[in-house]
Amino acid sequence: MSLLTPSDPLLDGLNPEQREAVEYRGPALLIVAGAGSGKTSVLTRRIASLIRGQEAWPSQILAITFTNKAAAEMRERAESMLGAATEGMWISTFHSSCVRILRREAENFGFTKNFTIYDSHDSRTLIKRIIKEHEADTYGLTVSGVSGKISRLKNELNDVESYARNASMSDPSERKFLEVYRTYTRALQSANAFDFDDLLAQTVFLFRAFPHVADVYRRKFRHILVDEYQDTNHAQYSLIHELTRETEDGLPGASLTVVGDSDQSIYAFRGADMRNIGEFERDFPGAKVVMLEQNYRSTQNILDAANGVISNNFDRKDKKLWTSIGGGEKIVGFTGYSAHDEAQFVVDEISALRAAGMDYNKMAVFYRTNAQTRALEEIFIRSALPYRILGGTKFYERAEIKDVLSYLVVIANPADTLAVRRILNVPKRGIGPATETQLQNYADQNEISLRESLRSADSLGFGPKVSGAISRLSSLLDEATALVELGSVGDVLAKLLEETSYTTLLRASRDAQDEARAENVDELLAVTKEFDKNNPDGTLIDFLTEVALVAAADDLDDASGTVSLMTLHTAKGLEYEAVFITGVEEELLPHRMSAGEPGGPAEERRLFYVGITRARQRLFISLAMSRAQFGQTNSALPSRYLQEIPAELMDWRQSPGNGAGFGSDGRGLSGSGRFGAGSGGYGRSGTSSESNGWGTTEGGWNSLEAAPRPKAEWANRITNKVRDNGDLELAAGDRIRHADFGDGSVSQVTGEGAKRVAHVKFDVAGAKKLLIKIAPIEKI
DNA sequence: AGCCTCACTGTTTTT
DNA sequence: CAGTGAGGCT
């Protein structure tokens with residue numbers, strides 16, 4: 001048992017439950033940790049107590065998180081408790097743990113240890129090519145459809161052959177899909193590459209196919225700790241199971257600790273299954289369960305709001321967060337006229353908080369979709385507030401960065417055809433599609449890689465210009481490869497940039513954006529040098545692995561004084577003194593795409609809950625009445641989740657219920673900035689059939705007509721059924737009747753499908769544009 | 001081969 | 001809106 005005494009600093013300040021979570025010893029422990037209940041602290045102290053009590057060597061500990069950031073934080077905390085005694089511990093994400101294992105074991109199953117990792121963009125590119133080659137698009141297969149399906153299959157551990165056994169071969173599109181899946185799998189194999197999902201799935205397959213290999217790791221890891229267990233998908237779950245199994249010669253399985261909170265499960269879309277945590281006790285009979293419900297982060301008001309919201313999810317174990325911190329300030333609500341107006345509110349409040357002494361890096365702004373950053377950014381820039389965006393279009397996804405990285409990939413893994421193709425004609429060197437196809441054919445016929453075929457340029461009958469270009473590329477790659485042995489990653493990259501003139505050419509371009517691209521490439525060069533400095537023994541492969549696995553929240557050093565902007569997903573696991581949740585509207589939160597998915601609205605509610613519980617002191621919730629999306633402005637309704645926050649907790653500066661209506665003349669932004677008080681309404685009342693009168697005036701402003709009639713406080717209460725005229729056929733000359741505008745005649749119909757717009761001349765109300773699908777109209 | 005323009009399309013969250 | 005693909009021109 002533990003050698004710790006009650007006064008040991010490891011147990012200092014812990015409540016009885018936390019303490020039990022640190023001290024319990026047994027084969028399986030589930031820590032149900034509500035938001036802000038100190039789970040990271042408990043987890044690290046648990047690790048520390050295992051080491052201090054000499055119950056385990058550091059190398060016997062495997063701690064798994066979902067993000068590198070969480071892993072880094074845990075490592076840091078463990079180091080501050082244990083110092084050098086953390087050496088040899090595996091504290092890393094699922095994905096990087098798997099890469100580590102796969103690199104060691106790749107030779108067992110037809111890969112080499114310098115395999116490439118394909119991000120989702122790479123796999124889409126590959127899938128796109130395969131769909132084209134197999135003319136699979138004529139069977140209705142799309143790139144996103146196929147890549148989504150393959151990803152789901154892999155997360156469920158269905159490889160091609162197991163899928164083939166179960167698929168219905170009578171369906172031609174199924175057959176075609178199988179063909180694509182099979183080709184894709186072979187392409188990955190021959191490119192010596194794994195996609196993201198493979199990293200997990202292949203590790204599981206490896207363990208299952210080679211029990212003696214699995215045993216090596218089972219013997220090694222005696223204590224396995226998993227964070228955010230509610231977000232594990234089937235592959236991750238199986239991986240944990242494989243690792244905690246008894247070895248062939250009877251060594252009992254490792255002790256397993258999982259931490260999670262089903263209320264914070266927000267990754268169902270990538271296969272996460274809450275049941276993994278719900279059924280933990282069934283999976284591990286005799287498991288100990290510890291509940292952490294005391295919250296050390298937020299004020300009671302914030303927790304009450306969070307509890308109010310989450311209690312609307314039914315299939316959950318009831319648990320209530322509580323705190324001894326006290327009530328705190330009310331939650332501030334604001335309804336903007338537009339996304340810009342909303343952003344202005346955010347900026348104003350941030351300035352006020354700053355003036356009151358709060359540092360910018362203690363504040364964060366959350367949103368549901370990355371697209372929402374646009375308006376926020378504009379206003380932040382205009383107001384000269386320092387901010388940083390976490391996630392979004394990632395540095396490593398930029399075309400110029402991928403180009404340059406592809407050179408490094410080709411050097412590390414010449415089998416990677418995708419990477420070879422990417423650099424073949426970048427920068428332009430006269431190797432076009434025709435040449436590429438010929439090279440590929442030659443490679444296929446001789447069963448060599450595309451990279452190898454470059455060496456035979458002279459004998460392929462190309463013109464002198466083309467074959468010269470190919471030979472030069474080939475020898476450049478050879479030279480750089482030779483340099484890998486001697487030089488650092490930075491040296492190799494510098495040489496490649498020098499020889500290809502990549503940045504020089506960008507700088508010579510007259511496209512202004514190319515200068516920015518050149519700077520990005522310079523930054524990448526700086527990154528490699530930084531890597532060389534921090535990892536004197538680091539290899540090119542190590543560098544590429546690190547780069548492939550960085551995530552949105554990872555590159556954040558929040559020491560600097562900036563406000564952080566991020567999606568609600570990225571926000572998980574973080575906390576801030578002041579939190580702004582923006583865009584709390586129907587169609588956005590819950591997102592329209594979630595409506596059709598089973599459990600969608602409940603998951604969106606959890607997302608909102610995650611956002612709320614990030615806040616320590618102050619919480620601001622805002623929405624906009626209209627929002628531009630896909631170049632069009634649409635009106636929006638308050639999110640259904642707003643009414644789940646007890647009204648007395650909120651202080652509405654500008655409420656969705658009694659906010660002013662605004663006229664169809666479209667004033668608003670220019671005037672007072674915020675629309676003034678007034679009656680009438682945002683949103684509508686009455687029966688569902690006349691709700692949602694999205695009209696578009698000829699002036700271009702999309703607006704809701706003021707609705708000077710009694711209404712429920714929450715306009716969206718009555719919109720559970722959205723009007724849908726999807727099938728309504730209209731043509732010029734038709735007479736229609738609108739719920740508000742009366743009768744009119746159609747002058748023109750534009751757009752397609754759901755975006756069909758009728759241009760209508762109303763007899764009294766004048767000319768309007770109406771979205772046919774949802775306008776309250778009927779043909780007469 | 002390489003450049004241009006035009007039209008079209010999907011339109012969430014991420015390791 | 002943004003990223004892509006086709007088609008036409010040099």
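Quick caveat, the model's predicted, so the values are computed rather than measured. Labels below follow one simple rule: chain letters A, B, ... track the order of the sequence lines, proteins then strands, and each chain is numbered from 1.
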Margin query: Would you say Arg368(A) places a side-chain N or O within less than 4.0 Å of OP1 or OP2 belonging to dT14(B)?
Written below: no
ask   = Judged by modelled atom types alone, do Arg103(A) and Thr545(A) share a side-chain donor-acceptor pair under 3.5 Å?
value = yes
### Query
So what does Lys572(A) touch, heavy atoms closer than 4.0 Å: a base, only the sugar-phosphate, or nothing?
nothing
If the cut-off is 4.0 Å, is Thr570(A) near the phosphate of dT13(B), judged by side-chain N/O to OP1 or OP2? no
Ile470(A) atom CD1 is separated from dA1(B) atom P, nearest whole Å, by 10 Å
request  = Would you indicate what Ala434(A) reaches in the nucleic acid, counting non-hydrogen atoms under 4.0 angstrom: base, sugar-phosphate, or nothing?
outcome  = sugar-phosphate
key: ring centroid sep under 5.5 Å plus plane angle under 30, Phe269(A) with dT14(B)   = no
Heavy atoms of Ala571(A) and Arg614(A) approach each other most closely as O-CD, 3.2 Å
Between Asn370(A) and dT14(B), is there a contact of a side-chain N or O with OP1 or OP2 at under 4.0 Å?
yes
Only residue of Arg640(A), Arg627(A), Arg368(A), Arg592(A) satisfying salt bridge (Lys or Arg N to Asp or Glu O under 4.0 Å) with Glu587(A) is Arg592(A)
Asp137(A) atom CG is separated from dG5(C) atom P, nearest whole Å, by 11 Å
Here the distance between atom C1' of dT14(B) and atom OH of Tyr118(A), to the nearest Å, is 20 Å
Atom CG of Leu607(A) and atom P of dT12(B) are separated, to the nearest Å, by 15 Å
Here the distance between atom C1' of dA2(C) and atom NE2 of His121(A), to the nearest Å, is 12 Å
Tell me if the aromatic rings of Phe205(A) and Phe207(A) count as close, with their centers under 6.0 Å from one another. no
* To do: Mind checking Phe66(A) for me? I need base, sugar-phosphate or nothing, with any heavy atom below 4.0 Å counting as a touch.
  => sugar-phosphate
Note: for Gly430(A) and His569(A) on DNA chain B, the residue whose nearest nucleotide lies more 5' is Gly430(A)
Of Thr93(A) and Arg429(A), the one whose closest nucleotide on DNA chain B sits nearer the 5' end is Arg429(A)
- When we call it a touch if two heavy atoms are under 4.0 Å apart, what does Thr435(A) touch: a base, just sugar-phosphate, or nothing? sugar-phosphate
Notebook entry, point to check: Are any non-hydrogen side-chain atoms of Asp227(A) and Ile64(A) less than 4.5 angstrom apart?
Noted result: no
From CZ of Arg627(A) across to P of dC1(C) the rounded distance in Å is 16 Å
**Asked** Is Tyr267(A) stacked on the base of dT14(B), meaning ring centres closer than 5.5 Å and planes within 30 degrees of each other?
**Response** no
Of the candidates dT15(B), dG2(B), dT12(B), the side chain of Thr369(A) sits closest to dT12(B)
*asked:* Base, sugar-phosphate or nothing for Asp197(A)? Non-hydrogen atoms, less than 4.0 Å.
replied: nothing
- CD of Glu76(A): more than 12 outside heavy atoms within 6.0 angstrom? no
Side-chain atoms of Arg374(A) come closest, of dT14(B), dC1(C), dT13(B), to dC1(C)
- Query: Looking at Asn425(A), does any N or O in its side chain come under 4.0 Å of the phosphate oxygens OP1/OP2 on dG2(B)?
  - Reply: yes
Note to self: Any side-chain N or O of Thr67(A) below 4.0 angstrom from OP1/OP2 of dT15(B)?
What the structure shows: no
Whole-Å distance, Met566(A) CE to dT15(B) P, equals 13 Å
note: Met593(A), atom CE; dT12(B), atom C1'; distance rounded to Å ~ 8 Å
